[in-house]
*Asks:* 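The structure follows.
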Amino acid sequence: MNSLHPATTSLISPQEPAGEAAASMLAAAFSRYGSFEQVRVQSVTRAPVGADEVQVRVRAAALHAGDCFLVRGSPFPMRLATGLLRPRKGIPGFDLAGEVEAVGSNVTQFRPGDLVFGASMGTCAQWVNVAAKSLAPMPQGLSFTQAAALPTSGLAALHALRDVARVQPGQRVLINGAAGGVGTFAVQIAKHFGAHVTGVCSGANVALVRQLGADEIIDYTCDDFTRSGQSYDVIFDNVENRSLTEVRRALTPTGTLVLNSGTGATGLALLVRLLKPLMLSPFTRQQLRRYLSTPRTPDLQILKDMVEAGNVQPVVSRTYALTETADALRHIASGHAQGKLVVEL
């Protein structure tokens, strides 16, 4: 597959703060949960590298819907991981690509100067300390910007289709939200696994989803995939904009539905929507699944291999400067972002 986007030109780093450069850095940071407007570039403490960590000079950091949840502090249950009243680490960004600056005493697989990509919290910063087990060498032929787009969304698609749905050659797979961050990877990975892929997207994104390899495309502004009369062995739902009953109608009697979204619901309605498929699944022949995707070096290596073999290519629709991080978050929150949005440092 040819590259959908050319390699990014040289990146311009923000000016490092004078005097305390060894102890501080610039980051897009916030101190309380709330609006995206509070996310501003400021000087924050640069932590020393831990024994099992790699300190990376960040060149690009990708954003996704989870960053919007982080800044807003909603849905509330996520605060169990990020801080109940205030964020423990008020810096968005879960994905990165960059250069190894230093390694911890227990790290042997990386050394300063290596080009790496991976996942960690707080990557919209000049430096970030990353667990070595969540990093891998950058794919050959990708820019920092393209490589940063891979980890969270690429692994979410890989884990859903390989580990949860166990997609097999010849199966009919529908991807709802096929033009989004996870969906663009899901279309390509499902095709790599030999599936017949149907992508659901808006009319404006039909050409992109077709270029990614989808066999069929449903424009949701014109047609309803739950009423098309077609049935699918696997439905990977990255949107969850239809009821569980409606989506199951498009699933074969023994098919697998993989759900990967918040839902737009809040409070008790959100809890019901999250738990209902899991409670119902034991009582039906259909498999109704939610899942967690955890970044690990072996799976990052698989993504790297897929990219280098030409089977997967990240789709980066827009790039932003560190000072524009709030703008990127607003665009993601609109629900109409195509592919990945990346902050360049």
Side-chain angles (χ1 to χ4, degrees), residues 8 11 14 25-44 58-79 81-83 85-98 119-126 128 144-156 177 179-185 202 205 238-241 260-266 270 293 295 314-345:
T8 304
L11 306 179
M25 64 181 178
L26 295 180
F30 62 101
S31 60
R32 64 186 186 280
Y33 295 120
S35 67
F36 301 139
E37 284 69 23
Q38 66 175 318
V39 180
R40 297 184 176 91
V41 174
Q42 53 192 283
S43 180
V44 301
V58 180
R59 297 299 181 181
L63 298 171
H64 65 98
D67 294 295
C68 298
F69 300 154
L70 170 66
V71 176
R72 288 171 169 167
S74 176
F76 193 85
M78 72 166 291
R79 296 193 188 189
T82 63
L85 299 179
R86 289 180 177 273
R88 284 192 289 270
K89 187 169 187 176
I91 302 173
F94 288 94
D95 295 329
L96 78 148
S120 182
M121 291 189 68
T123 60
C124 286
Q126 289 180 303
V128 66
F144 287 120
T145 298
Q146 292 170 312
L150 277 169
T152 298
S153 295
L155 291 179
V182 176
T184 51
F185 286 112
S202 69
N205 293 320
N238 294 293
V239 185
E240 295 193 53
N241 57 344
N260 177 45
S261 179
T263 57
T266 59
L270 173 61
S293 177
V315 176
V316 178
S317 62
R318 290 183 64 177
T319 61
Y320 296 81
L322 188 63
T323 54
E324 299 172 318
T325 301
D327 294 333
L329 291 168
R330 278 190 289 269
H331 188 38
I332 292 172
S334 74
H336 299 293
Q338 183 191 78
K340 296 294 294 183
L341 307 185
V342 179
V343 173
E344 296 177 338
L345 287 85

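Source: prediction; values computed, not measured.
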*Asks:* We want to know whether S317 and K340 form a side-chain donor-acceptor pair, criterion being a heavy-atom distance below 3.5 angstrom.
*Replies:*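 No, no side-chain donor-acceptor pair sits under 3.5 Å.
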*Asks:* Take atom CZ of R88 as the centre, draw a 6.0 Å sphere, and report whether it contains more than 12 heavy atoms from other residues, nucleotides or ligands.
*Replies:*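 Yes, because the 6.0 Å sphere around CZ of R88 holds more than 12 heavy atoms from other groups.
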*Asks:* Is the shortest side-chain heavy-atom distance between V342 and L63 below 4.5 Å?
*Replies:*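 No, their side chains stay 4.5 Å or more apart.
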*Asks:* Can you tell me how far OG of S74 sits from CZ of R79, rounded to the nearest 0.5 angstrom?
*Replies:*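 Reported value, rounded in 0.5 Å steps: 7.5 Å.
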*Asks:* Taking C-beta and beyond as the side chain, do P314 and F185 meet within less than 4.5 Å on heavy atoms?
*Replies:*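 The answer is yes; the side chains approach within 4.5 Å.
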*Asks:* Atom NE2 in H64, atom OG in S153: separation rounded to 0.5 Å?
*Replies:*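 Nearest 0.5 Å value for the NE2-OG distance: 6.5 Å.
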*Asks:* In the structure I gave you, are the side-chain heavy atoms of V71 and Y33 within less than 4.5 Å of one another anywhere?
*Replies:*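 They are not in contact (no side-chain heavy atoms under 4.5 Å apart), so the answer is no.
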*Asks:* List the atom of D67, the atom of G93, and the distance in Å for their closest heavy-atom pair.
*Replies:*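 Shortest heavy-atom contact: OD1-N, 2.6 Å.
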*Asks:* To the nearest 0.5 Å, what is the distance between CD (E240) and CG (N260)?
*Replies:*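 Answer for the CD-CG pair, E240 versus N260, is 8.0 Å.
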*Asks:* Would you say the side-chain atoms of K89 pair up with the backbone N or O of M121, donor to acceptor, closer than 3.5 Å?
*Replies:*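 Indeed, once roles are kept as given, a pair shorter than 3.5 Å links the two residues.
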*Asks:* Can you tell me how far apart CZ (R72) and OG (S35) are? Round to the nearest 0.5 Å.
*Replies:*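 Answer rounded to 0.5 Å: 9.5 Å.
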*Asks:* Kindly give the heavy-atom pair with the smallest separation between F30 and I91, and that separation in Å.
*Replies:*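 In terms of heavy atoms, the two residues are closest at CE2-N, 3.7 Å.
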*Asks:* Roughly how far apart are L322 CG and R40 CZ, rounded to 0.5 Å?
*Replies:*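 With rounding to 0.5 Å, CG (L322) is 13.5 Å from CZ (R40).
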*Asks:* Looking only at non-hydrogen atoms, find the nearest pair between P151 and A147 and report the distance.
*Replies:*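 Answer, listing the atom of P151 first, then A147: CD-O, 3.4 Å.
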*Asks:* Indicate yes or no for a side-chain donor-acceptor contact from T123 to the backbone of S120 under 3.5 Å, with no hydrogens or angles considered.
*Replies:*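 Checked: no pair found.
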*Asks:* side-chain contact (heavy atoms from CB on, under 4.5 Å) between L329 and V39: does it pass, once the steps are laid out?
*Replies:* CA-CA 9 Å; L329 291 168; V39 180; 4.2 Å; yes
*Asks:* Any chance you could lay out the side-chain contact (heavy atoms from CB on, under 4.5 Å) test for Y320 and T325, step after step, and finish with the verdict?
*Replies:* CA-CA 7 Å; Y320 296 81; T325 301; over 6 Å; no
*Asks:* Write down the atom of C68, the atom of A333, and the distance for their closest heavy-atom approach.
*Replies:*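 Taking C68 first and A333 second, the nearest heavy atoms are SG-N, 4.0 Å.
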*Asks:* Are I332 and F36 close enough that some pair of their side-chain heavy atoms sits under 4.5 Å apart?
*Replies:*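 Answer no - side chains too far apart.
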*Asks:* Is there a side-chain contact between R59 and L345 in this structure, where contact means two heavy atoms from C-beta onward sitting under 4.5 Å apart?
*Replies:*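 SC-SC contact between R59 and L345 ruled out.
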*Asks:* Starting at SG of C124, measure out to CG of L96 and round the result to the nearest 0.5 Å.
*Replies:*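 If we round to the nearest 0.5 Å, C124:SG and L96:CG are 10.0 Å apart.
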*Asks:* Quick one: closest heavy-atom pair of R32 and R86, and the distance?
*Replies:*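 The pair with the smallest heavy-atom distance is CB-NH1, 3.8 Å.
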*Asks:* Just so I know, are the side chains of L26 and Q42 near enough to count as touching, which here means a heavy-atom distance under 4.5 Å?
*Replies:*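 Counting from C-beta outward, L26 and Q42 never come under 4.5 Å.
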*Asks:* Passes side-chain contact (heavy atoms from CB on, under 4.5 Å), Q338 versus R318? Steps please.
*Replies:* CA-CA 9 Å; Q338 183 191 78; R318 290 183 64 177; over 6 Å; no
*Asks:* Looking at side-chain heavy atoms only, is the closest gap between E344 and F144 below 4.5 Å?
*Replies:*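 When only atoms from C-beta onward are counted, F144 and E344 do not touch, as no gap falls below 4.5 Å.
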*Asks:* Tell me if a side-chain donor or acceptor on D95 pairs with a main-chain N or O of A61 at a distance below 3.5 Å.
*Replies:*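 Checking the backbone N and O of A61 against the side chain of D95, no donor-acceptor pair under 3.5 Å is found.
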*Asks:* For the residue pair V58 and Q126, establish whether any side-chain heavy-atom pair is separated by less than 4.5 Å.
*Replies:*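 In short, these two side chains do not touch, never coming nearer than 4.5 Å.
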*Asks:* What pair of heavy atoms forms the shortest contact from A28 to P92, and how long is it?
*Replies:*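 Where A28 meets P92 most closely, the heavy atoms are O-CD, 3.0 Å.
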